[in-house]
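Computed from a predicted structure; not experimentally measured. Starting from 1, each residue takes its place in the sequence as its number. First listed ligand is number 1; within each ligand, the first listed atom is number 1.
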Amino acid sequence: MNPQASPLTVAETYLIQQNWSAYTPEQHAVWAELVRRRMPQLHRHACQEYLDGFDQIGLREDTIPNLAEVNKRLGPRTGWNATPVSGFLPPDAFFEMLAARQFPTTTWLRSRDSLEYTPEPDIFHDVFGHVPMHAHPVFADFLQHYGKVCAHLTDSAGGTAKDKLERMGRLFWFTVEFGLIRQNGEIKVYGSGLISSHGECTRVLAGGCEVKDFDLDAVLNQEFDTGEMQPVLYAVESFTQIYEATKQAESRLG
Ligand SMILES: [Fe+2]
């Protein structure tokens, strides 16, 4: 659980410090605008675990999160940390960090003229979109285990490992990034791509995409396009289901 117990090797070179005091009033105002745009819909349509996590890790509407402060609250709950990194990580570094319960977190923030979409993740996508779920014990264990399985696959050379990693990438996409869950007879969102995107979330909630029951085989075989709105998504019944599915994938692919 303690990151000191799992020192990073390949990811080490991507770690940076978050210079929180360097954010400008305009950047804090953009963060506030982004949060204000999302919260009314999320209060109605995000899963309860996301909303609880948002409060538990102390996210605020008016200021960009200080990751050290977030980690003071998150670490004792589940052993996860939001760890600042310089940008996109290669797969081996990314999975090494997940396996060590360290979520690679960008520190830059989109500008006011691209509130809805950025091609690369920023701190709004990473922290507002992802990190609240890491306060939930089952989701926390699932994500760490996912990282461990994929880290193991990246260690194995050869073409079949590449194919297996592509399949595991689909499991990530249709859960962590675009996952839906049924709660109290309704479809709720928990995937960061839906949490952090007003347009895509609105389209999905309005029935603009097919929602299928989560099925591991279907997900492992479902191709996706990162640049397009999603034509099909998968709804789970519980977070235990994705943790169990990851273990099942491990025994099949690992
Ligand atoms: Fe993401």
Using a distance threshold of 2.8 Å, what protein N/O/S atoms lie below it relative to the Fe ion (ligand 1)? His125 NE2, His130 NE2, Glu177 OE1, Glu177 OE2
Listed by chain and number, what are the salt bridge (charged side-chain N to carboxylate O under 4.0 Å, His left out) partners of Glu49, not counting sequence neighbours? none
Would you say the side chains of Ser111 and Asp113 form a donor-acceptor pair under 3.5 Å? yes
State whether Tyr146 and Lys148 meet the cation-pi test: NZ (Lys) or CZ (Arg) under 6.0 Å from the six-membered ring centroid, and within 45° of the perpendicular axis. no
Show your reasoning for whether side-chain hydrogen bond (donor to acceptor under 3.5 Å, both in side chains) applies to Ser196 and His125. CA-CA 6 Å; Ser196 64; His125 174 84; 3.2 Å; yes
Sort and list the pairs that fulfil salt bridge (Lys or Arg N to Asp or Glu O under 4.0 Å) and have at least one residue in residues 122-137, not counting sequence neighbours. Arg110-Asp122
Run the salt bridge (charged side-chain N to carboxylate O under 4.0 Å, His left out) test against Asp225 and tell me which residues pass, sequence neighbours left out. none
